[in-house]
Amino acid sequence: MSDLLELYPPEIRDHARKPRNRRRLECVDATARGDNPLCGDRVEVFLRLEDGRIAEASFLGRGCDVSQASASMLTGAVGGLGSKAALDLSEKVREMARIGTVPDGERFEVLRSLAGAAKFPSRVKCATLAWVTLEAALRGGQEASSE
Amino acid sequence: MDLALAPLDVQRIRQDFPILSQTVRGRPLVFLDSGASAQKPRQVMDAMRACMETAYANVHRGAYHLSEVATENHEASREAARRFLNAARVEEIILTGGSTSAINLVAHSFGRGMLKPGQRVLVSEMEHHANLVPWQMLRDDGRGIGLGFIRITDAGELDLDSLHAELRKGDVGLVAVTHMSNVLGTVTPAGAIARMAHEHGARVLFDGSQAAVHRRVDVQALDADFYAFTGHKLYGPTGIGVLYAKHELLEAMPPFLGGGDMIETVTLERSTWAAPPARFEAGTPPIIEAAGMKAAIEYVEAIGMEAMEAHERSLVDHAMRVLPEVEGLTLVGSAQDRGGVFSFSLDAAHPHDLSTFVDRRGICIRAGRHCAEPLHERLGLESGSARASFGLYTTHGEIDALAEALREARRFFA
Ligand SMILES: Cc1ncc(COP(=O)(O)O)c(C=O)c1O
């Protein structure tokens, strides 16, 4: 049970149960859809930009608690970031989910709860789906896959 | 004593499977993913080791004693597969890398070599990708061969009216359907399907990857034109499978892969093809795997397909009682004739989360779309499903353990 709580800490369960910003934005400047073809998990990320910074982020999706909680946390974590900073953050989150080490920085207060995925190799891609989708949106792509 | 009539002694059988004595975090391993790949009995491992330790050389090639022994053993594996499927002739057994390569062989050699432009292949909505994608590739390679679909009912059974309607269009060259669904557990009425196909001049292929493990298969009684199965689901090794095909078809079919062992004569300009089965077995075959598959076939034959079926029926009955009692659980499919494969969803948890949760209790189940995406779309299960599948070593207690873990999961994720 104790190690299950590493994958499902209270923050993850809270975001999975009460997802934040789970809607389509009215004005979308960048968006992408991410799929995990093996399990059917899907996340769409919508971004509104102002002066090159992310003014608003939202998501829609379906899937396991980890993939949906991760998307929900993402929408809160990327606010105010420029494209480059958001890509940097995203890479750090993906690295954290893979190796389990939490980087410094205030944005990781909440995001740190995604680090537990590292102990569940088959679940890392659940934690990273929203982030590869964010990266695709920022790079102007439309589709991403966590495979 | 006739072994086939003895009841299955599951505890004794479990001792043949070394992996089943493992514990996971202090709990016994409960392996409920045999539908994806089954565990292996010691007899299979011993046979593969003996092949390497005492009788290993390339087959069909050397004129020395060891190669002759290896060749004889290899051909004995073919004979075991013939017996297992009750094929009329041993030349009708092609040893392949598995079901996937068996079906691709048919799509290539029969599909490209014998189907005519304007003809269609029919598959059902509940196929494993292995019996869908090769036919899509055939359709798309510009030969004018089409692809049609047999609908399934909401219960997850093949809709025979839909099959009939498609056949009546008169352009069907091949019906390629599963003999047992790897998601729904549905066993399809193969004999009736073959009869209907033949009445309309179509050939029929059965994907027996699941069925051959659960039912006695008699390709002559079914009047199957093609039948495919894969060794690793039958308690044998990976990397080997079988394609049965009627001799008249094999004789008329061009080769699939080109290379050594499949030719009669070769000049720099051209080659002539060897007779079947060699024509379809280019290159050094899976020699060690064939020894393992032979041992696996002998293993299940010694237990008896009838005894295995009876055991499976009791597992299915038990699961049908115990699983629906778990609050919030919905079984996928409700076919009358079904084998030991159960897909389900739970209201409170996504299949992935479920699988991770029960894994912490040592229970292995599959989560996802089980290589059957179109079926999950058809059933409105975009998130996939969780699946428990049984083997001859599965016990009632393991099904109870799953049910209990699902109840706990429901509390955890609620
Ligand atoms: C119904 C069905 N068909 C085909 C296959 C493919 O078998 P293999 O991967 O051994 O080629 C499987 C197993 O994955 C299956 O369950």
Side-chain angles (χ1 to χ4, degrees), chain A residues 1-19 22 33-44 59-72 97 100 113-130 143 145-147, chain B residues 24-27 33 36 128-130 132-133 182-183 332 343-387 404-414:
Chain A
M1 200 66 154
S2 61
D3 58 345
L4 260 181
L5 292 176
E6 291 190 48
L7 184 62
Y8 301 106
E11 298 83 357
I12 294 261
R13 308 198 41 210
D14 179 56
H15 275 263
R17 227 143 262 90
K18 289 177 289 186
R22 193 171 188 287
R33 189 180 93 186
D35 279 295
N36 179 340
L38 281 186
C39 61
D41 284 2
R42 168 172 293 179
V43 169
E44 277 181 279
F59 83 104
L60 287 175
R62 62 171 196 230
C64 64
D65 281 10
V66 178
S67 69
Q68 302 305 301
S70 176
S72 169
S113 57
L114 294 169
K119 292 218 176 116
F120 298 76
S122 66
R123 304 304 300 278
V124 171
K125 59 185 190 298
C126 309
T128 58
L129 178 61
E143 283 174 30
S145 164
S146 64
E147 275 309 298
Chain B
V24 181
R25 295 174 201 84
R27 299 168 188 249
D33 196 21
H128 187 280
H129 296 166
L132 171 61
V133 179
N182 63 312
V183 176
V332 181
S343 293
F344 54 89
S345 56
L346 197 69
D347 55 358
H350 186 278
H352 248 169
D353 295 322
L354 262 188
S355 161
T356 297
F357 185 93
V358 303
D359 179 47
R360 297 291 119 169
R361 280 148 185 71
I363 303 174
C364 310
I365 60 171
R366 180 99 184 256
R369 296 191 284 190
H370 323 305
C371 295
E373 281 186 40
L375 175 62
H376 280 85
E377 296 286 334
R378 158 71 178 82
L379 298 170
L381 293 164
E382 282 78 11
S383 298
S385 57
R387 180 182 78 181
E404 188 47 40
L406 293 176
R407 284 196 184 89
E408 286 175 38
R410 194 158 183 272
R411 285 194 289 275
F412 182 83
F413 289 107

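Given the structure is predicted, the values throughout are model-derived calculations rather than measurements.
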Whatever's closer than 4.5 Å to a heavy atom in chain B on A:Arg17 counts as side chain
Checking heavy atoms, do the side chain of B:Glu408, its backbone, both or neither come under 4.5 Å from chain A?
neither
Search all heavy atoms of A:Asn36 against all heavy atoms of B:Arg369 and return the closest pair with its distance.
O-NH2, 4.2 Å
Given that the side chain runs from C-beta out, which part of B:Ala348 has a heavy atom under 4.5 Å from chain A: side chain, backbone, both or neither?
neither
Is the distance between the ring centroids of A:Tyr8 and B:Phe357 less than 6.0 Å?
no
Note, B:Thr356 side chain near A:Leu4 side chain (heavy atom, < 4.5 Å):
yes
Side-chain touch B:His350/A:Asp41, heavy atoms, less than 4.5 angstrom
yes
Between B:His352 and A:Cys64, the two heavy atoms sitting closest are CB-CB, 3.8 Å
